[in-house]
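Structure first, commentary second.
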Amino acid sequence: MIQETPPQNYHHQKPPFYRDAIVVKWLFQLGALALVVFSLWFLASQARDNLAARDISTGFDFLSVDPGINLSEGIDTRPATGGRALWVGMVNTIRLATAGILAATILGLLVGLARLSNNWVVNKLGSVFVETLRNIPLLVQIILYGAILANLGDLSYDSGWDNWVIWSNKGLSIPRVFIADGFYQWAIFMLIGSVAARWAYKSRQRQHDETGRDTYPWIASLGVLGAFAVIGWFIHPIFGWVGGIFGAIGDGISKIPEEVLQAALSIIAVLLAGNWIRNFLRSRRTPGGSAQLTDDDKFRVIFSGVSAGLVIVVVYVVWPGLSSWMINSSSDLFGVLDDKFGNGRSGGPFGADRPEVIKTGMFEKYGPSGLTMSIGFAAVFFGVVFYTAAFIAEIVRGGILAVPKGQIEAANSLGMKRSAALRTVILPQALRVMMPPLGNQYLNLTKNTSLAIAVGFSDLVQVGQTVGNQTGKNLSVFAIWMLFYLACSLTISVVVNFFNVRLRIVER
Amino acid sequence: MSAETAHTTRPDMIVCENVDKWFGDFQALKGVTATIAEQEVVVVLGPSGSGKSTWIRCINRLEAHEKGTIVVDGVELTNDLRNIEKIRSEVGMVFQQFNLFPHITVLDNVTLAPKWVRKMPKAEAENKAKELLEMVGIPEQASKYPGQLSGGQQQRVAIARALAMEPRIMLFDEPTSALDPEMIKEVLDVMRDLALGGMTMMVVTHEMGFAREVADRIFFLESGEIVEEGTPEHFFTNPTEDRTKLFLSQIL
Ligand SMILES: Nc1ncnc2c1ncn2[C@@H]1O[C@H](COP(=O)(O)OP(=O)(O)OP(=O)(O)O)[C@@H](O)[C@H]1O
Ligand SMILES: [Mg+2]
């Protein structure tokens, strides 16, 4: 190949700084940053002055003060502090959103497929579902479902089926499954079982590749896992000795001197950063010679170096107690593991408490009892699930219709069965189209759970409002709300993006 | 070889008798009757909208005909799903728009159907796919994705994908119409090799050079009817029908 020398003289003619791409880029970056900082400072000072003028107090002390409120449901119905109360609300919101996302996805998928069906009745049912539910405002639906559920009969001894499933105007109750004594030893069985299941999957897959026969690797591996689960249920106490190992490790850790851990942490940080930088530079090196680093790349290198330095500063200066805290807490952790895995834990891995009616209109309150989905939870749950499922159904339908007809014809012309074409050609491409709008629906669902306030379900917004009213710290509560929903949204975005990237089609 | 000898010495591969096809009120095929023998290469010509694609798509039942009979390799095309799957796995088809699967690599495109339909072991399917890619002249593209190839390369992958099922018949529906001139030749070369290798082929194309050189027989279709059929020599030098003459005067 002929190497042409670039016309050097052009390179050396430096443009005036306002036309230099690199300078302009940096100026814009810095300008934008300055603008943001200034705006924030301006807003904050305005807010502070106005709040002071109107005598509204801010601050987060209320998080550790008893708010004196009762919550309708949650992990703690009489929270001792404001922080605890908000935490109960967050857990309720997360529960609602997670269950809602799962149910809405499954229902939406079914309805979407129904709308593509050739069967007239199924097809029309799907259309009616979508057209009705997505056109009624969510708030109206939630209030409606709440009203319907509140009209169920009073709770009595013979509501539902024999204390397994009970429905009444107290909500829907099912047995509460809990982790029991033998769980951790059984978990060891499951760990071994999943390794074995993976092995079974791989060997089945290999068999398929070698012979071309259908070997159903998924069914085989699930079978192996199930066998381990059942056998482990009965003989898990044979792992009673595992606790002792954890105990010994914990003892060992507690004997490590503080200085050794400090030094080790620093060395590890430096080694990690150095290794990362080396690999990074290597990956950027062109076959011809030295690396061409962009500004971003330089920033990354500097950032990793600084992080390592930061670790050292933290370990020795900022928080000298860190290493002793780490030693103590990990030896404590192993102590707990010793107890959980140890001998003498011989009960079953799970137990279940059935809902128990002690008198008309009242469940057992102080002893073990079932799991009750309250009217409030159910109203919001069905509201967001139906509403979102209607949109998800349209996304599913659109995604499948977006796969060009030629793809199906190509699969057909190769003699592939409908099911095989669906699995290998249509769904992978439809999923790619469906993923981003699906992520949006998950975000919407999560945010829409805040309408729970309409039926008095103790989600974060409802709890926050109560706490804010009691303590007068409405602004602080507001900040917590925003941060919480932001964190939820970011989590969902990260998960959805992960799949997005994996499904992306390579083009040139 | 001439059409007559091919006809008398070899068994019939495709037999169409009085095939009618409607799209709603519009009749796209009107009493199409033709017999194509094993190893014969026929080219279907005709103006746009004359029903060329419709006919060729009826032969592997991407479209269902309403009247008449179509027998492919001794199996009649009816609503019997088993017959349809059997015929489709023996009839390869190449489309104008390639229709490669964009989400999997070239190699996976070629091995997909052999693995799923023929239950072929993975290694065997891959070896075969590599041979076929070698044959169509792009062995080095196996691990790329279709979107990374040129149009001519994509169409050659499509041919390899169809051949991987070891079809007894290949259908081509304007395989070069979506390609730039310099890529047309590389695809036609592959098709010519296939014809020389004895594949039974039915080709819709506007490439007159290919028709003249490779075809054993030419069908001229207009408004869903076969207007004229004959050897390339007959067709290009002394066509009998006025409509054929008009068509040839427009394109040559
Ligand atoms: N799915 C369909 N629905 C309705 N009409 C159709 C359909 N497919 C084809 N047709 C009509 O049938 C006639 C024949 O179409 P066909 O695609 O077979 O033509 P062609 O000869 O392949 O034309 P071209 O050279 O443009 O590809 C056309 O008039 C077309 O409009
Ligand atoms: Mg056509």
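In what follows, every chain begins at residue 1, and chains take the letters A, B, ... in the order their sequences are listed. Values below: all heavy atoms of this structure, side chains included; hydrogens, waters and symmetry mates excluded.
- In this structure, no portion of A:Ala421 lies under 4.5 Å from any heavy atom of chain B.
- Annotation: B:Glu17, atom CD; neighbour count of heavy atoms from other residues, nucleotides and ligands within 6.0 Å does not exceed 12.
- In this structure, chain A has a heavy atom under 4.5 Å from the backbone of B:Met120, while its side chain stays farther away.
- For A:Lys202, the NZ atom counts as loosely surrounded, since its 6.0 Å shell holds 12 or fewer non-hydrogen atoms of other residues, nucleotides or ligands.
- Here the straight-line distance linking atom NZ of A:Lys405 with atom CD of B:Gln97 works out to 13.0 Å at 0.5 Å rounding.
- Atoms CG and CG, on B:Leu112 and A:Leu414 in that order, are 7.5 Å from each other to the nearest 0.5 Å.
- Here the closest heavy-atom approach between residue A:Ala420 and residue B:Trp116 is recorded as CB-CE3, 3.6 Å.
- No part of A:Arg206 comes within reach of chain B, as not one of its non-hydrogen atoms sits under 4.5 angstrom from that chain.
- Note that the NE2 atom of A:His208 and the NZ atom of B:Lys122 stand 9.0 Å from one another [nearest 0.5 Å].
- Looking at B:Phe101, the atoms closer than 4.5 Å to chain A (heavy atoms on both sides) sit in the backbone and in the side chain alike.
- Looking at B:Asn99, its side chain does come within 3.5 Å of a backbone N or O of A:Gly406 through a donor-acceptor pair.
- Considering only heavy-atom pairs separated by less than 4.5 Å from chain A, the leading option among B:Leu81, B:Val94, B:Leu100 is B:Leu100.
- Note that the CD atom of A:Gln407 and the NE2 atom of B:His103 stand 7.5 Å from one another [nearest 0.5 Å].
- Two residues are said to be in side-chain contact when any heavy atoms from C-beta on lie closer than 4.5 Å; B:Arg61 and A:Asn412 fail this criterion.
- Only the backbone of A:Glu210 comes within contact range of chain B, with heavy atoms under 4.5 Å apart.
- Between B:Arg88 and A:Ser413, the closest side-chain pair of non-hydrogen atoms is not below 4.5 Å.
- Annotation for A:Phe499: atom CZ does not count as buried by contact number, only 12 or fewer foreign heavy atoms lying within 6.0 Å.
- Residue B:Val117 touches chain A through its side chain alone, counting heavy-atom pairs closer than 4.5 Å.
- Under a 4.0 Å N-O distance rule, the pair B:Glu85/A:Lys417 qualifies as a salt bridge.
- Only the backbone of A:Thr211 comes within contact range of chain B, with at least one heavy atom under 4.5 Å from a heavy atom of that chain.
- When each of B:Met165, B:Arg161, B:Glu124 is scored by its heavy-atom pairs under 4.5 Å with chain A, the top score falls to B:Arg161.
- Within 6.0 Å of CH2 in B:Trp22 there are more than 12 heavy atoms belonging to other residues, nucleotides or ligands.
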